[in-house]
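We name chains A, B, ... by the order of the sequence lines, and we start the count at 1 in each one. Note that the coordinates shown come from a computational prediction; the quantities given were computed from them, not determined experimentally.
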2 protein chains.
Amino acid sequence: MYICFMSNSKLYKGSLTTIILKLLNENDKMYGYEITQKVKVLTKGELNITEGALYPALHKLEAEGLLDVEVAKVDNRLRKYYKLTENGTKETVNKLEELAEYIKTMQALVNPKLA
Amino acid sequence: MYICFMSNSKLYKGSLTTIILKLLNENDKMYGYEITQKVKVLTKGELNITEGALYPALHKLEAEGLLDVEVAKVDNRLRKYYKLTENGTKETVNKLEELAEYIKTMQALVNPKLA
DNA sequence: AAATATACATAATTTTCTTATGTATAAGTT
DNA sequence: AACTTATACATAAGAAAATTATGTATATTT
């Protein structure tokens, strides 16, 4: 295989932040590489987060005060553990509401009979 | 009010093409402005497609051979009616499958218990 | 007469991704 | 011992798709 691709579906654009926040909400603290692996497993390979997308996204969330970072050294290798701040937890709730709303709206559009 | 905004949720990024194709699949032929109004009604105002997003998207779909265009003059005003080509109809099926897959994947991520 | 609605369009900018590349250590394979 | 894969971070160049702003023009409503 080659490096690492996201799904060819463009729909995932804009959902990376929601995914990161939700995983951190469930797992207390995680490091970047761990997130990519977790997503791969949870989605049965459907979704492969690229490093070029993930790391800038984590840095942005940290800059916005939604994540705290804590550096650790394990097996002589660097790890950056991220965890939600208080604001991060609040924002997670918002993002999950937005996702639920998005799904509802899209279903109203593609299946108006059920709306 | 001001001009016209899409929802502040970033999740809609990447779903405009799917929306357009699905609406044209249901309505045979539609013009741009009609699409914006239809989306507004169907989503109860949740989603307002901006012209800056819509028109380039329509032009792109036409260039890709997924849409045919037919110009009409109604009440002395221009209208460009778009309809699906044969390939456009095929692509609509793909896009709707991708949407269903996306929703399934995201639910596996945010609600792993139900996966 | 002025404002809003209808109907198209495009340009500048921003956001968010893909793709490619770089560094470094550990573990497994040939 | 050498090579490859896995772990773990990072950033830069470019593409894609949107937002925001602006422009043109006609019809309708206030």
Side-chain angles (χ1 to χ4, degrees), chain A residues 1-21 29-41 47-64 67 69-82 95 98 102, chain B residues 1-21 29-41 47-64 67 69-82 95 98 102:
Chain A
M1 214 194 302
Y2 201 30
I3 302 197
C4 191
F5 296 93
M6 271 187 104
S7 165
N8 60 339
S9 167
K10 287 164 193 166
L11 295 166
Y12 291 97
K13 246 182 214 298
S15 44
L16 181 54
T17 296
T18 305
I19 293 170
I20 293 171
L21 292 178
K29 68 174 186 176
M30 297 181 85
Y31 55 99
Y33 185 78
E34 188 184 8
I35 291 174
T36 66
Q37 301 308 301
K38 188 83 173 177
V39 167
K40 219 180 275 185
V41 171
L47 186 53
N48 293 304
I49 296 176
T50 61
E51 296 160 297
L54 178 68
Y55 291 114
L58 287 171
H59 300 160
K60 193 178 173 230
L61 289 170
E62 192 196 343
E64 290 169 349
L67 300 185
V69 67
E70 181 199 320
V71 178
K73 200 152 199 176
V74 179
D75 287 334
N76 206 33
R77 266 196 245 96
L78 193 73
R79 278 187 193 170
K80 285 188 161 184
Y81 281 99
Y82 291 92
K95 289 289 181 190
E98 277 179 10
Y102 168 80
Chain B
M1 215 193 302
Y2 202 30
I3 303 196
C4 189
F5 297 92
M6 274 186 101
S7 164
N8 60 339
S9 166
K10 288 165 190 165
L11 296 166
Y12 292 97
K13 257 177 206 295
S15 43
L16 181 54
T17 296
T18 306
I19 292 170
I20 292 171
L21 292 177
K29 69 175 185 177
M30 298 181 85
Y31 56 100
Y33 186 77
E34 187 185 9
I35 291 174
T36 66
Q37 300 308 301
K38 187 82 173 178
V39 168
K40 219 179 276 184
V41 171
L47 186 54
N48 295 303
I49 296 177
T50 60
E51 298 160 296
L54 179 68
Y55 292 114
L58 287 171
H59 301 160
K60 194 179 172 226
L61 289 170
E62 191 197 344
E64 290 168 348
L67 300 185
V69 67
E70 183 199 319
V71 179
K73 201 151 197 177
V74 179
D75 287 334
N76 205 33
R77 268 198 243 93
L78 192 73
R79 278 187 194 171
K80 286 188 160 184
Y81 280 98
Y82 290 93
K95 289 290 182 190
E98 276 180 11
Y102 167 80

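- Taking side-chain N and O atoms only, K10(A) has no distance below 4.0 Å to OP1 or OP2 of dC17(C).
- Relative to the side chain of T50(B), the nucleotides dT19(D), dC8(C), dA18(D) differ in distance, and dT19(D) lies closest.
- Remark: E64(A) engages K60(A) in a salt bridge (charged side-chain N to carboxylate O under 4.0 Å, His left out) (not counting sequence neighbours).
- Once rounded to the nearest 0.5 Å, the distance linking OH of Y33(A) with NZ of K38(A) reads 14.5 Å.
- To the nearest 0.5 Å, atoms CD1 (I49(B)) and CD1 (I19(B)) are separated by 5.0 Å.
- G52(A) comes within 4.0 angstrom of a nucleotide base, judged by non-hydrogen atoms across all strands.
- Distance E51(B) CD to dA5(C) C1': 11 Å, rounded to the nearest Å.
- Between the NE2 atom in H59(A) and the OH atom in Y82(A) there is a gap of 4.0 Å [rounded to 0.5 Å].
- OP1 and OP2 of dA18(D) both lie 4.0 Å or more from every side-chain N or O belonging to Y12(B).
- Taking atom CD1 of I19(B) as the reference point, atom P of dA17(D) lies 14 Å away to the nearest angstrom.
- One finds the CG atom of L58(B) at 10.5 Å from the CE atom of M30(B) (value rounded to the nearest 0.5 Å).
- Residues of residues 73-82 of chain B having a heavy atom closer than 4.0 Å to DNA chain D, listed by number: D75(B), N76(B), R77(B).
- Where Y33(B) and H59(B) meet DNA chain C, the nucleotide closest to each residue was compared, and Y33(B) sits on the side nearer the 5' end.
- Distance N8(A) CG to dT19(C) P: 10 Å, rounded to the nearest Å.
- In this structure, the NZ atom of K38(A) is 17 Å from the C1' atom of dT7(D), given to the nearest Å.
- Applying the 4.0 Å criterion to OP1 and OP2 of dA10(D), one finds that Y55(A) has every side-chain N and O outside that range.
- Position along DNA chain D of the nearest nucleotide to P56(A) versus Y31(A) favours Y31(A) as the more 5'-ward residue.
- Nucleotide dA18(D) holds its C1' atom 12 Å from the NZ atom of K60(B), rounded to whole Å.
- Rounded to an integer number of Å, the gap from N48(A) CG to dC17(C) C1' is 15 Å.
- An OP1 or OP2 oxygen of dT18(C) is reached within less than 4.0 angstrom by no side-chain nitrogen or oxygen of K13(A).
- Between A57(A) and L16(A) the shortest heavy-atom distance is CB-CD2, 3.9 Å.
- One atom, CD1 of I49(B), and another, P of dA18(D), lie 9 Å apart when rounded to the nearest Å.
- Closest contact between the side chain of Q37(A) and the listed nucleotides dT7(D), dA10(D), dC17(C) involves dT7(D).
- Look at CG on L54(A): it is 16 Å from C1' on dT19(C), rounded to the nearest Å.
- In this view, Y81(B) and Y31(B) satisfy the ring pair (Phe, Tyr, Trp, His ring centres under 6.0 Å) rule, not counting sequence neighbours.
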